[in-house]
Chemist: 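Let me begin by handing over the structure; questions about it come next.
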Amino acid sequence: MIWSMNEIETLTKKAARGAGMSWGLAEEAGKATRRLQEWGLDGAAALADLLTATDGTARSDLLPLAVSGVWTARGGMLCPIAAGACLSDHAAVLAEHPVEMARVAQPMLLIPFAQTIAQQIGRVIDLRWDGVRVQIGTDAVHVAGTEPALCAAVATGVRCSPGQMVTGRKLAFTARAAITPVTAARLGTFAHRTYAPATDESRLAGAGAGLSDND
Amino acid sequence: MDPVASPPTVALRDPGVVMRLSRLGSLHQCRLSFMRVLLRRLKREGWRFDRPVFHIDSRGVGHAVYTTHGPARSYSLVAFANDLPPEKRSDRVIATEWDATFTLFDGIPTDADITRLRANIPLQEAGRVTERELSVSRANRSVRLWDHVVDRLAAGQQPDPEQVQAVGYLMRTTAVYGSGKLGAADREATCDRPEFRAPFQIEMLSVYLTRAFVMDLVEHMAVQKSPDTAVRLHPDLRRRFGIGNSTGLGMAPFLINHPVLLNNWILARETALARVRGLPGATPDSVSAFHRLVARARINAGSWRTDHPAQQARIAALRADLDRLEAHLERHPLFGAAPWDALWRWGEGALSEEGQEQLLSLMIEPHGVLVDDLAAQTSADEGPGFAIDGAMPVASLRALTEDVFGWALAIDWQSPEAQARVWYTSEEKLEPRLGERAREPIEPYEQPLCPGRDAARMHADLRAEPDGPIAAFLLRHPEHRHVVRRVQIAARHPYAEIRDNTIGARVMPIDLLRAKLAFFGAVHFDPRSDRWVRINMFRDAPFPADLERAEADDWTFPALPEGAA
């Protein structure tokens, strides 16, 4: 089915929250997924895979333990939303030296955060993992590498550094998102966790209506 | 005197004064309201209107197309009329059928488009649209006024003006969805078009054309009922009909979820006030226009009806305020230096919040040349504000939090009163609701619509934090990330945050609805409860067919009786 970008962002933000992310990180997840879709990449499927793979894992086990040396997570695998947000929070550090991360789930989801950094420090950002090289400018993304490598479930290592050269396939902007029903249903299941079961009290009082509208 | 030449010498009002809920809940429409902006453009650019299709049967079922042609593009309202049984009529989002449903189509629809839309638009949330559709909306009849008007017209008579006045509209919209909802085009896809740069222009255009359709439909139904005797509405009475709107909590989170946009709306309005207050003198034209406007505002306040006790008290205060204003103007005509500033300062001491905000609207009304450019500043690119500046020192963030959320740091958030409510989304039709924290098992589902409390929580953790970049704090406290973003936005946008408790025991969600609806340009706010409000839109506005000849920007206050000054 074809979705608007606003729908994608809303659904994925809710799904991320339903999966246990803080509201602030859920906002990042929604924005990141939307940006990937705008470049024609299936960010929604990547996020659905991420939330499924990490479901039940304590969120604190997915965060970077520290931002010195190689970034690792206590649980052994980094969440790309948490790591990406942390990376963009440390944009100034990245301007000085590269950052290395070990074992990142759904590394494609790091790309939008790299773009935020590119915009903040005014440099091209170079992201590499397992046969993939992505170069991210303030308004263009170039990709070199195979589709399966780009959409890998886990990257054994990710290197993020300021770069200059722009090579590879330039991703074209797209205004609409084609999401498979399976992906939509998976995200919908996570989003559903944010909805309170209805009670009779909430049905009437919660919405504040209960009057006749036949007047 | 050239009013534009005078420098702004008056400071903007303090956000701590402006951004209180009770004051936001006292806003009135003004020159910068979005339906005013729309009609000025349609008039200025000479937009043309036609009705290529009107296929409605004797039961009132069918469809119609209303197209408007601008300098570069055409847009069409596609309307589907329904014969709705009364037991199905509900204004709430849980409804599944409506008296009429609509979409604003980007261009002129083909027969194939109409077929596709007929299979989807009447279903609303249960249907799907495409990027060719810019909005999806629906409306229900005001049953008593509808029946009265059809019966009278069918019998060859005009409706009773008092009944028209009392209700004000034949149909009220119960949702107008834009911005990509249900698969429609994203705002980003159209926001570069000049006609859609200001906020909510798609929605306002849709509602404006909906009003024209509804008036045609009621006359059509009178003819269907009695072809030999039916008459059309008298044009003067016809203009007295607006289009209603019935809005619940679904709209309430919007202003909290769009801080930059909220800032830009309020900032434009406050800048307009400051410019007028900064004028060194008042021209004779502006003084006489202002006197007429005050008289018209009194008529408007006099005809404003509601059954809601809180709003009744505020309307009573507003009427007294306008009496006081008229008396004050008798004693203190707008002569002397900086007369508008003097008037404003008098109003701050003498008038209720309703009255002060009405005075603001009235003061900027005769000064279009001075303030209308500000309408261009009411839109927002929300993208740049999203990124967090992780290099900001903890001490700076703490100081900013104290500045923006000082009011919230003074609240004892442990008290049940302070956190009495929970904003949440219900499983049924995903309706936003407000519940009681102590009585319902809803806290795990709480939405982040209480920035004050969340800022206070963050501030407590910030006080224990060693100084350094905020990035390190965020790594250990991801739960504060959304508030850090808000504080950094508020640091650059003084009116971004509502400076009141949005989950307290006494919160009135209708205050949030009123602020947004006033910016739309709504009048006659009629709360049905503390979280539900009906309004009127485009009442007294010229119809599309009359726009070319009529004054397009002088309709929001009722006309003075003939012979009045």
Side-chain angles (χ1 to χ4, degrees), chain A residues 1-10 14 17 21-28 31 38 59-60 63-67 81-82 85-93 113 116-117 119-120 175-176 191-199 201-203 205-215, chain B residues 86 89-93 128 130-131 140 142-144 179-189 246 248-249 386-391 424-428 430-431 433-435 439-442 444-445 448 469-472 474-475 478-485 509 528-532:
Chain A
M1 194 163 76
I2 304 298
W3 292 58
S4 74
M5 291 300 171
N6 185 27
E7 288 178 302
I8 292 293
E9 184 173 344
T10 303
K14 278 188 201 168
R17 174 63 184 173
M21 286 190 203
S22 71
W23 279 111
L25 282 175
E27 290 164 355
E28 306 280 355
K31 198 70 77 183
E38 286 175 344
R59 288 293 313 167
S60 54
L63 307 178
L65 278 169
V67 293
I81 304 299
C86 186
L87 192 64
S88 67
D89 291 346
H90 289 86
V93 174
F113 297 96
T116 300
I117 299 167
Q119 288 162 348
Q120 284 183 334
R176 308 285 285 179
H192 193 267
R193 296 183 189 170
T194 65
Y195 307 142
T199 61
E201 178 170 355
S202 73
R203 261 183 209 114
L211 302 156
S212 166
D213 291 320
N214 279 301
D215 60 348
Chain B
R89 187 172 292 108
S90 168
D91 289 357
R92 288 182 61 190
V93 72
R128 263 324 262 179
T130 74
E131 59 198 319
N140 281 334
S142 163
V143 178
R144 57 198 158 108
S179 301
K181 295 264 177 64
L182 315 178
D186 282 300
R187 171 159 170 78
E188 288 77 3
S246 182
L249 287 181
F386 186 78
I388 285 175
D389 173 12
Y424 68 99
T425 306
S426 78
E427 195 174 28
E428 287 177 325
L430 316 184
E431 194 180 40
R433 290 179 182 167
L434 191 60
R439 287 218 308 271
E440 300 170 66
I442 46 181
Y445 306 98
I470 201 68
L474 278 170
L475 182 55
E479 73 275 17
H480 296 317
R481 187 171 190 86
H482 69 293
V483 195
V484 170
R485 197 182 332 271
R528 312 293 286 174
S529 73
D530 66 341
R531 54 195 74 182
W532 196 267

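Naming: A, B, ... by sequence-line order, numbering from 1 per chain.
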Chemist: Can you tell me which portion of A:Met1 sits under 4.5 Å from chain B's heavy atoms? Options are side chain, backbone, both or neither.
Modeler: side chain
Chemist: Identify the two heavy atoms, one from B:Arg128 and one from A:Trp3, that lie closest to each other, and give their separation to 0.1 Å.
Modeler: NH2-CA, 3.7 Å
Chemist: What residues, two or more places apart in sequence or in another chain, satisfy side chain to side chain contact (heavy atoms under 4.5 Å, CB included) together with B:Arg187?
Modeler: B:Ser179, B:Cys191, B:Ser379
Chemist: Measure the CD1-CG distance between B:Ile470 and A:Asp89 for me, rounded to the nearest 0.5 Å.
Modeler: 9.0 Å
Chemist: Report yes if some heavy atom in the side chain of A:Met5 is under 4.5 Å from a heavy atom in the side chain of B:Glu188; otherwise report no.
Modeler: no
Chemist: Shorter than 4.5 Å, heavy atoms on both sides: which option in B:Ala391, B:Ala189, B:Pro448 has the most such pairs with chain A?
Modeler: B:Pro448
Chemist: Heavy-atom distances under 4.5 Å only: say whether A:Ala85 touches chain B with side chain, backbone, both or neither.
Modeler: both
Chemist: Say you draw a straight line from CG of A:Leu63 to CG of B:Leu474; how long is it, rounded to the nearest 0.5 Å?
Modeler: 11.5 Å
Chemist: Is it the case that the side chain of A:Gln120 and the backbone of B:Ile388 share a donor-acceptor pair, with hydrogens and angles ignored and the cut-off at 3.5 Å?
Modeler: yes
Chemist: With only heavy atoms counted, which part of B:Pro478 is less than 4.5 Å from chain A, the side chain, the backbone, both or neither?
Modeler: both
Chemist: If you measure from CD on A:Glu38 to CG on B:Asp186, what distance do you get to the nearest 0.5 Å?
Modeler: 8.0 Å
Chemist: May I ask you to decide whether A:Arg59 forms a salt bridge with B:Glu479, counting only side-chain N to carboxylate O separations under 4.0 Å?
Modeler: no
Chemist: Given 3.5 Å as the limit, does a donor-acceptor pair link the side chain of A:Glu7 with the main chain of B:Gly183, or not?
Modeler: yes
Chemist: When rounded to the nearest 0.5 angstrom, what is the spacing between CZ in B:Arg481 and CE in A:Met21?
Modeler: 11.5 Å
Chemist: For A:Ile2, which atoms come within 4.5 Å of any heavy atom of chain B: side chain, backbone, both, or neither?
Modeler: backbone
